[in-house]
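Hydrogens, waters and symmetry mates are skipped; everything else that's a heavy atom, side chains included, is used. Positions are given from 1, in the same order as the sequence printed here. All of these numbers come straight from a predicted model, not from anything done at the bench.
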Amino acid sequence: MRKSLFFTFIAVCSGLAVGCGAPDISHMKPSVSKKAAEIFITSSTQGWTTAQAVYEAEKSNLDVWVQSVKVHQLIGQIQQFHKKAPQGLAVVVGQWGNADVGSSQGPLALVPLSASTGHGKRLTVKESEVDAAYVVGYLAGLNSRFLAMPQIGLLAGISSQPSAAAMAAALAGVYQANPKCSIILQNIPSVQRSTHQSVYFPSQTSLPAPQLVLAAGTLSSAAQSWLLQSHSLVYHLSAAPLSASNDVAAFGFPGPSILPELLQRYEQNDLPTSGVLSVVTPHLVILQDKMLPVSLIQAAHQLIGQIIDGKLNPSVAWSKLPGNLQAAWNPFIQSGS
């Protein structure tokens with residue numbers, strides 16, 4: 001009962017009701033008798049609301065605080081948390097401010113606090129790049145079945161490219177969905193910019209992009225304009241925000257359902273101290289549903305379920321491709337970072 005009341009109080013005072021401010025901890029004494037965590041939400045995405053975070057965190061054995069904060073308040077709030085939990089875990093959902101150059105969805109980061117310095121190294125939690133790439137590639141391959149000549153254009157050599165392992169998984173996904181689909185390396189044509197507005201358009205000699213495109217990295221404004229004008233459907237091998245009308249799929253962002261696992265691993269001292277922690281959750285990929293047939297949406301959910309249940313291992317999918325196809329597609333993999 002005590003825990004239930006504790007979380008109810010935090011939920012009300014962390015943005016679910018108007019008029020509640022941050023708790024006054026000026027007279028609190030630091031306590032190290034029990035591990036604690038505080039979740040700071042700077043942007044609500046993938047279901048990250050204070051109410052949902054409280055619901056998931058309540059499943060752990062830790063003392064957990066949850067609050068929504070402005071980006072410019074984040075560092076100060078983490079310092080305040082350090083006063084009441086000198087060796088606690090700060091969980092940050094969303095942007096960190098000017099220093100953060102992640103996608104618009106923002107990162108999910110864990111910061112184990114140090115009793116001496118007040119902060120630790122940042123551990124970023126991301127959906128597995130390899131698993132997400134396989135699902136995105138598979139969906140593109142399924143989509144190619146609707147074409148008279150099934151082929152997919154691969155835009156490579158652009159910024160923030162996926163790893164070679166992710167590229168291999170994406171191409172393996174295409175093959176598993178449609179063995180008859182061909183992959184063509186697609187160069188972005190030279191473009192010009194309108195003198196009156198920020199609109200890019202291809203030169204007169206440029207050919208339109210293929211109907212289906214795998215974007216192996218972050219697209220420039222020029223590339224986005226070219227793909228829009230070509231009416232191409234774009235499958236992103238990155239955590240793109242799906243902001244354009246022709247964006248179909250991209251890597252996802254862990255939702256609040258990951259909290260119980262992360263908090264349990266923290267309690268058991270089973271978290272890496274820094275770097276990237278790859279996870280697989282139902283949010284492995286994000287889809288623009290209106291761009292997809294129901295059958296493809298169902299296929300995505302089924303694939304993700306198989307990966308979570310351990311019935312499908314995308315990391316070995318490339319090795320199962322025919323040898324001649326591996327040889328033909330290997331240059332595309334090497335274009336990955």
Side-chain angles (χ1 to χ4, degrees), residues 3 7 10-11 14-15 35-69 74 78 81 88-96 100 102-113 120-136 166 238-239 241 250-287 300-301 303-315:
K3 185 168 187 127
F7 275 100
I10 292 300
S14 58
K35 286 193 172 183
E38 184 153 4
I39 302 162
F40 303 93
I41 303 175
T42 66
S43 55
S44 295
T45 185
Q46 292 290 72
W48 279 101
T49 63
T50 50
Q52 193 61 33
V54 165
Y55 172 78
E56 296 294 347
E58 203 169 14
K59 300 174 184 178
S60 77
N61 296 320
L62 305 180
D63 285 336
V64 183
W65 292 263
V66 177
Q67 66 169 308
S68 294
V69 299
L74 177 60
I78 292 177
F81 172 53
L89 178 72
V91 181
V92 180
V93 183
Q95 302 296 333
W96 284 66
D100 180 32
S103 72
S104 63
Q105 292 180 314
L108 170 62
L110 309 181
V111 184
L113 302 183
K121 294 182 179 179
R122 179 170 159 183
L123 172 65
T124 301
V125 183
K126 298 173 62 176
E127 295 286 354
S128 167
E129 182 186 51
V130 170
D131 294 317
Y134 180 87
V135 174
V136 171
S238 63
F251 295 176
F253 172 68
S257 61
I258 193 66
L259 268 178
E261 176 188 342
L262 295 178
L263 294 176
Q264 181 183 40
R265 292 186 63 175
Y266 167 65
E267 183 182 16
Q268 297 173 350
N269 298 316
D270 187 36
L271 281 175
T273 56
S274 62
V276 175
L277 175 64
S278 292
V279 299
V280 178
T281 79
H283 300 287
L284 183 64
V285 299
I286 55 173
L287 306 173
H301 294 317
L303 277 178
I304 294 171
Q306 291 173 3
I307 295 172
I308 292 175
D309 293 340
K311 298 177 181 179
L312 174 62
N313 183 3
S315 64

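- Note that CG of L263 and CD of E58 are 12.5 Å apart. Values are rounded to the nearest 0.5 Å.
- A salt bridge (charged side-chain N to carboxylate O under 4.0 Å, His left out) check over residues 276-285, counting only residues at least two apart or in different chains, returns nothing.
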(request) For the pair L123 and S274, evaluate side chain to side chain contact (heavy atoms under 4.5 Å, CB included) and give the outcome as yes or no after the intermediate values. (result) CA-CA 4 Å; L123 172 65; S274 62; 5.6 Å; no
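- Donor-acceptor pairing under 3.5 Å is recorded for the side chains of T281 and E127.
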(message) Show, in sequence, the C-alpha distance, side-chain angles and deciding distance for L89 and V111, and conclude whether the side chain to side chain contact (heavy atoms under 4.5 Å, CB included) test is met.
(response) CA-CA 6 Å; L89 178 72; V111 184; 5.9 Å; no
(request) Determine, step by step, whether V92 and L110 satisfy the side chain to side chain contact (heavy atoms under 4.5 Å, CB included) criterion, reporting the C-alpha distance in whole Å, the side-chain angles of both residues, the deciding distance to 0.1 Å, and the verdict. (result) CA-CA 6 Å; V92 180; L110 309 181; over 6 Å; no
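- At a threshold of 4.0 Å, the pair K126-E129 does not count as salt-bridged, since none of the basic side-chain nitrogens sits closer than that to a carboxylate oxygen.
- With N313 contributing its side chain and S315 its backbone, the two residues share a donor-acceptor pair below 3.5 Å.
- The NE2 atom of H283 lies 10.0 Å from the CZ atom of F253; values are rounded to the nearest 0.5 Å.
- For the pair L262/V91, no side-chain contact is recorded, criterion being any heavy-atom separation below 4.5 Å from C-beta on.
- To the nearest 0.5 angstrom, E261 atom CD is 9.0 Å from L271 atom CG.
- The shortest side-chain heavy-atom distance between H301 and V285 does not fall under the 4.5 Å cut-off.
- Put simply, the side chain of T42 gets close to the backbone of V93: a donor and an acceptor are under 3.5 Å apart.
- Looking at heavy atoms from C-beta onward, L277 lies in side-chain contact with R265 at the 4.5 angstrom threshold.
- When atom types are taken as modelled, the side chain of W48 and the backbone of P254 share a donor-acceptor pair closer than 3.5 angstrom.
- L108 is not listed as a side-chain neighbour of T124, based on a closest heavy-atom distance of 4.5 Å or more.
- Inter-residue side-chain proximity for E267 and N61 is flagged as met; some heavy-atom pair is nearer than 4.5 Å.
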(request) Begin from the C-alpha positions of L284 and F251 and carry the test side chain to side chain contact (heavy atoms under 4.5 Å, CB included) through to its verdict. (result) CA-CA 6 Å; L284 183 64; F251 295 176; over 6 Å; no
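- Residues I307 and P314 meet the side-chain proximity criterion, which asks for heavy atoms closer than 4.5 Å.
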